[in-house]
Amino acid sequence: MAEATFSASRLAAARRVATEARRGMPQLQGPHRTSRENDNFMSEFMGASRLHYIGSWKDRYQRILETMPPPPPLVQLAPGRTRVIAHIDMDCFFASVAVAGRPELEGLPVAVAWSDGNAEIASANYAARAFGVRNGMWGSQAKELCPSLITMPYEFERYEEIAEVMYRAVFAVTPHVMGVSVDECYADLSALGSPEATAATLRETIRTQTGCVASIGIGPNRLLARVATKRAKPDGLHALHSVAEGRTLLTDESVRELPGVGYHIAQKLEAIGVRTCGELRAADAGRIRDALGPKVSATLRGYADATDNRQWEARPTRKSIGAQSSWGVRFATAEEAESFGRQLGEEVGSRLAAHGYRGKHLTLKLWRAMEGAESTGPRKGSMGHGMCDHISRSITLPSATNDKALIAREVTKMLREVSIEPSKLRGMGVSVGTLSSAAAGSGAGGGSGSSRALPARVAAAPPATKFSPEKVPAWYKGVSGKAPAEAPASKPRSGDLGQMMARMTKETGGIRPSKRVRTDEPQTAEPPTRRLGKANGCEEVADEGAQMLIQFGRDLGLSSLMFAAHDSDLTSGLDPERVTAWLGACDRVEQQCQK
DNA sequence: ATCCTCCCCTAC
DNA sequence: TAAGGTAGGGGAGGAT
Ligand SMILES: Nc1ccn([C@H]2C[C@H](O)[C@@H](COP(=O)(O)OP(=O)(O)OP(=O)(O)O)O2)c(=O)n1
Ligand SMILES: [Mg+2]
Ligand SMILES: [Mg+2]
């Protein structure tokens, strides 16, 4: 539907901008894509990887912190008052930067990814999200959902500059800032007068100084501030004024909204009938503990109750330093693998020294292709790691070190001892922990290590897991073909209709879902994708709109959906032809569901 | 109990 | 050309 709303000439102009932006990025070209073909592989990979960029950002954040006076202790609270925490997070950060200063892209669906092929989407703007495009999605799927999608390249230097402007704006409000990531931080506003006015001003400052938008959530703790931000987005401010208000808000939200609950923990909870925060709160503590363990269950039960006991640690000390790569890693011989391990070891040694650390504990992490999954990847020519076993081995060094050569030698030894056929290796990582300061005079440490050739033996790797294509786990994104089967929700819930309508209206900028979205049907029907698909002669309608609805339903964890359209859709600026087809299909869907 | 190793999971 | 890094929390199971 929205497809028709982008004019061909605007799209053409935008695509020219995208092509031009991509042309100016020489490091993204060249035929040498693997560890074997390219001597410079490691640094080229790190320079082109957005995960390396966001993963190493905190290191560079130190430089901003050094220009700031250390924060005074947090003010004590007057009795009976609670803290006021703000969570500041840039809206679709990479995509916003891509659009900023490029008027040709404004209002169009834009994603940022390494290529315009099937690369993973790092960030999609909200125009693209209205089609169901999401961060982390494969490019091909994104373009199915949204054929007009404009794909822009990474611009790491601009992210760095804009993030610094954003952070300086926050530091101008308070010294109590906790950096989370390149686009996101917490600020303690407890000592300030009106948090909401302060936050509104801060949003405006960030917008004018960066050309990008930040949303802000405010709450009595970090958990609720973060939950509020989600509600505020895009381009909004939302405040939760008490733990009680937060608890009420969380009651019907998915446990997935809680920090620390990702795909797997949500699955474990669902397996014991817990889907919402309210259900988690009400569930038997012993059951949750059995499923998740003592610490995780305690933390999450607290979160579900809107309480967050994490200490405010604005500048936590590093506990480990490491480097890894699991893309383009292919070896023919042990020498090649060992050379790669040495490079990683040297890289880690340099990073340790650069930060004034030494470390005593050394870990080698290896990706090994599963038996039957040795072919290069999900598709011919892909240099991804594919389905792998993960093997890690660690040793404790006789003394803390940051000596590149010593680390490289120890990595080589471990690599030999773990005895993995080099051709099966798909990734390698080296990490050093148990850190101490290199400056502190203690044990002369790093000293060239010729001292002890400790026989730090390490066990050989276990046999490879056997890979079978039919049993690719639902969470694995690397294999094309079938979407993971819908896990039917255990129970229909009330309140979904209201939530869904509110969310759709907000996220699509006005498109309303049907007047009949039912979640109270038993799970007898096929998932809605099927009912709207070609099998029912509905290909006219299996478009972005349908995909979007289906995605909303999935996001809400609904077991089944029924769609219908409002007559008023015809008068709300949507393409009448599409709406007519849509209405017809909805009738059929409904009939099918009723019998 | 607490520690250790080898994972697993999560957030960006 | 699908550029899948980095760091932290913590669980399982065994040793101390
Ligand atoms: N799977 C992901 C998630 C994020 N990022 C990068 C790109 C994002 O722009 C940036 C910030 O991550 P956020 O989670 O804050 O996502 P966005 O800022 O893109 O969107 P939102 O408006 O939801 O914050 O990190 C990434 O490369 N890959
Ligand atoms: Mg963001
Ligand atoms: Mg963020």
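Chain letters run A, B, ... following the sequence lines, proteins first, then strands; residues in each count from 1. Source: prediction; values computed, not measured.
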request  = Could you check how far OH of A/Y154 sits from P of C/dA2, rounded to whole Å?
outcome  = 12 Å
inquiry  = I want to check a possible cation-pi pair here: A/R168 against A/F171, using under 6.0 Å from ring centre and within 45° of the ring axis as the test.
reply    = no
message = Checking A/F45 now: which residues fulfil ring-ring contact (aromatic ring centres under 6.0 Å, His included) with it, not counting sequence neighbours?
response = A/F41
request  = Answer yes or no: does a side-chain N or O of A/R426 lie under 4.0 Å from OP1 or OP2 of C/dG4?
outcome  = no
key: Between P of C/dA7 and CZ of A/R60, the distance in whole Å   = 11 Å
query = Separation of A/Q62 atom CD from C/dA7 atom P, in whole Å?
reply = 12 Å
query = Atom CG of A/L362 and atom C1' of B/dC4: how far apart are they, to the nearest Å?
reply = 16 Å
query = Considering residues at least two apart in sequence or located in another chain, which fulfil the salt bridge (charged side-chain N to carboxylate O under 4.0 Å, His left out) criterion with A/E257?
reply = A/K230
inquiry  = Is the base of C/dA3 stacked against the aromatic ring of A/H52, taking ring centres under 5.5 Å apart and planes under 30° as the test?
reply    = no
query = In residues 313-327 of chain A, which residues come under 4.0 Å of DNA chain C by heavy atom?
reply = A/T317, A/R318, A/K319, A/S320, A/I321, A/G322, A/A323, A/Q324, A/S325, A/S326, A/W327
ask   = Within the structure shown, what part of the strands sits under 4.0 Å from A/R351 by heavy-atom distance: base, sugar-phosphate, or nothing?
value = sugar-phosphate
inquiry  = Can you measure A/D59 atom CG to C/dA7 atom C1' for me and round it to whole angstrom units?
reply    = 10 Å
key: Partners meeting ring-ring contact (aromatic ring centres under 6.0 Å, His included) with A/H390 (sequence neighbours left out)   = A/W367
ask   = Do A/S96 and A/D91 have side-chain N/O donor and acceptor atoms under 3.5 Å apart?
value = no
remark   = Taken in chain and number order and not counting sequence neighbours, the residues that satisfy ring-ring contact (aromatic ring centres under 6.0 Å, His included) with A/H264 are A/W475
remark   = Whether each nucleotide of nucleotides 5-12 of chain B has a protein heavy atom under 4.0 Å at its base (B), only at its sugar-phosphate (S) or at neither (-) is summarised, 5' to 3', as SSS-SSSS
inquiry  = Going by the rule salt bridge (charged side-chain N to carboxylate O under 4.0 Å, His left out), which residues pair with A/R256 if we only count those two or more places apart in sequence or in a different chain?
reply    = none
inquiry  = What's the gap between C/dA3 and B/dT10 when it is taken at their P atoms, as a whole Å value?
reply    = 23 Å
query = Who are the side chain to side chain donor-acceptor pair (under 3.5 Å) partners of A/S419, not counting sequence neighbours?
reply = none
task = Could you run through nucleotides 11-16 of chain C and give me one letter per nucleotide, 5' to 3': B if any protein heavy atom sits under 4.0 Å from the base, S if only the sugar-phosphate is that close, - if neither?
result = S-----
note = note: A/F41, atom CZ; C/dG5, atom C1'; distance rounded to Å ~ 12 Å
Hey, can you pull the donor-acceptor pairs under 3.5 Å for the side chains in residues 286-294 of chain A, sequence neighbours left out?
none

key: Qualifying residues under ring-ring contact (aromatic ring centres under 6.0 Å, His included), relative to A/F93, sequence neighbours excluded   = A/Y159
ask   = Starting at CZ of A/F45 and ending at P of C/dA2, how long is that distance when rounded to a whole Å?
value = 14 Å
remark   = Contacts satisfying salt bridge (Lys or Arg N to Asp or Glu O under 4.0 Å) that involve residues 47-58 of chain A (not counting sequence neighbours) are A/R50-A/E120
request  = Take A/E270 and A/R275 through the salt bridge (charged side-chain N to carboxylate O under 4.0 Å, His left out) test and state the conclusion after the steps.
outcome  = CA-CA 5 Å; A/E270 186 163 340; A/R275 217 185 60 75; over 6 Å; no
remark   = Whole-Å distance, A/M383 CE to C/dG5 P, equals 14 Å
